[in-house]
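None of the values given here were measured: they were computed from a predicted structure. Atoms within each ligand, like the ligands themselves, are counted from 1 in listed order. Heads up: numbering here begins at 1 and tracks the sequence.
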Amino acid sequence: MNKKALIIVDVQNDFCPGGSLPVPQGNEVVGPLNRMVEYAKSHGWLIVASRDWHPAVTSHFETYGGMWPVHCVLDTKGAEFHRDLEVDDVTIVSKATEPDEDGYSAFDGHTKDGQALGTFLKSHGVEELYVGGLATDYCVKATALDSVKYGFRTFLLSDAIRGVDRESGDSDHAIGEMKQAGVSVITTREVWHGKT
Ligand code: VGL
């Protein structure tokens, strides 16, 4: 059987309503992702949660030449995972930790032991990756595209993602790009029903 992994991308307070860079309805990914975590645990999958973990001064932020308001600064409330997200016993991957790094892709991140995500997944024999979280048009897209590049069979969990949509249609466009690259789009319900 192919070894599978779930990757939960950036479900952090600052990307949820009330945060500094809120993704519309970003909190709605928590329910389906928690159900996926439960499913993944009972089926022996690896589970990873990525987090944006920026230094206070980074060229990623508007104030320092980037395009985003200050968000997900390491060790702040805004950088914490959404309080209802079930991340106990999950491997955390921190990304965008350097002052000159956008770090959209979870594959730019490292475990607490400093292992790059791709190396970590391969060392556990993972072949299939299921991606959900925030935001569809940035970090989810970058992660899913890298996943394909790294050779993983890649699934996008369509009901467990939400987008920023700086321009309307950005998320739809991102999903198109992911499909084009070979990502399969699937609902969490289809996963539970063994449609893969
Ligand atoms: C993200 C915008 C800026 C994301 C991160 O997690 O998708 N979006 N930084």
Side-chain angles (χ1 to χ4, degrees), residues 6-30 32-33 36 47-85 87 90-110 116-117 129-149 154-178 181 183 185:
L6 169 66
I7 174 147
I8 298 172
V9 178
D10 299 6
V11 182
Q12 294 167 272
N13 289 330
D14 275 339
F15 294 130
C16 291
S20 64
L21 177 43
V23 176
Q25 284 95 45
N27 54 316
E28 291 179 3
V29 302
V30 172
L33 286 172
M36 275 304 301
I47 309 174
V48 173
S50 73
R51 63 182 183 185
D52 245 4
W53 205 241
H54 292 293
V57 176
T58 164
S59 56
H60 186 66
F61 296 160
E62 264 160 4
T63 1
Y64 306 105
M67 77 184 214
W68 303 106
V70 173
H71 62 276
C72 300
V73 172
L74 77 165
D75 292 325
T76 62
K77 189 84 194 159
E80 288 175 13
F81 292 115
H82 187 289
R83 57 186 295 185
D84 297 330
L85 188 71
V87 282
V90 161
T91 300
I92 294 173
V93 162
S94 302
K95 62 185 180 64
T97 54
E98 298 300 321
D100 56 353
E101 201 190 5
D102 284 319
Y104 290 121
S105 169
F107 283 89
D108 294 338
H110 297 82
L117 175 62
L129 209 56
Y130 292 73
V131 184
L134 305 171
T136 311
D137 35 358
Y138 290 93
C139 292
V140 169
K141 177 178 95 170
T143 301
L145 293 179
D146 271 352
S147 173
V148 172
K149 270 189 215 146
T154 306
F155 294 87
L156 179 70
L157 299 168
S158 58
D159 55 323
I161 54 173
R162 294 291 184 278
V164 177
D165 285 318
R166 273 166 78 101
E167 305 281 345
S168 81
D170 280 356
S171 292
D172 288 344
H173 188 252
I175 292 170
E177 266 182 77
M178 289 184 259
V183 174
V185 179

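- Within the structure, the salt bridge (Lys or Arg N to Asp or Glu O under 4.0 Å) test picks out the following pairs touching residues 62-85 (sequence neighbours left out): Lys77-Glu80.
- Residue contacts with ligand 1: His60 is placed with a nitrogen or oxygen under 3.5 Å of a nitrogen or oxygen of the ligand (distance criterion only).
- For atom 8 (N) of ligand 1, the closest non-hydrogen atom on the protein side is Tyr138 CB, 3.7 Å.
- His110 NE2: more than 12 foreign heavy atoms inside a 6.0 Å radius.
- In terms of polar-atom proximity, defined here as any N/O pair under 3.5 Å, Val164 makes no such contact with ligand 1.
- Backbone and side-chain nitrogen or oxygen atoms of Lys95 are examined, and none is located within less than 3.5 angstrom of a nitrogen or oxygen of ligand 1.
- Within the 4.0 Å heavy-atom cutoff, His71 counts among the residues contacting ligand 1.
- In summary, the atoms of ligand 1 found under 4.0 Å from a heavy atom of Cys139, numbered by their order in the structure, are 1 (C), 4 (C), 5 (C), 6 (O), 7 (O).
- Heavy atoms of Asp52 found under 4.0 angstrom from ligand 1 belong exclusively to the side chain.
- Judged by distance alone, with hydrogens and angles left aside, the side-chain atoms of Thr143 form no donor-acceptor pair with the main-chain N or O of Ser105 at under 3.5 Å.
- Applying the salt bridge (Lys or Arg N to Asp or Glu O under 4.0 Å) test to Lys141 and every residue at least two apart in sequence or in another chain returns Glu177.
- Between Arg51 and Asp10 there is no salt bridge, since no side-chain N of the basic residue sits under 4.0 Å from a carboxylate O of the acidic one.
- Under the 4.5 Å side-chain criterion, counting only non-hydrogen atoms from C-beta, Ile161 is in contact with Ile175.
- The shortest distance between side-chain heavy atoms of Asp165 and Ser171 falls below 4.5 Å.
- Heavy-atom proximity to Ala135, at under 4.0 Å, picks out these atoms of ligand 1: 4 (C), 6 (O), 7 (O).
- Taking a cut-off of under 4.0 Å to the non-hydrogen atoms of Phe15, the atoms of ligand 1 that pass are 1 (C), 4 (C), 5 (C), 6 (O), 9 (N).
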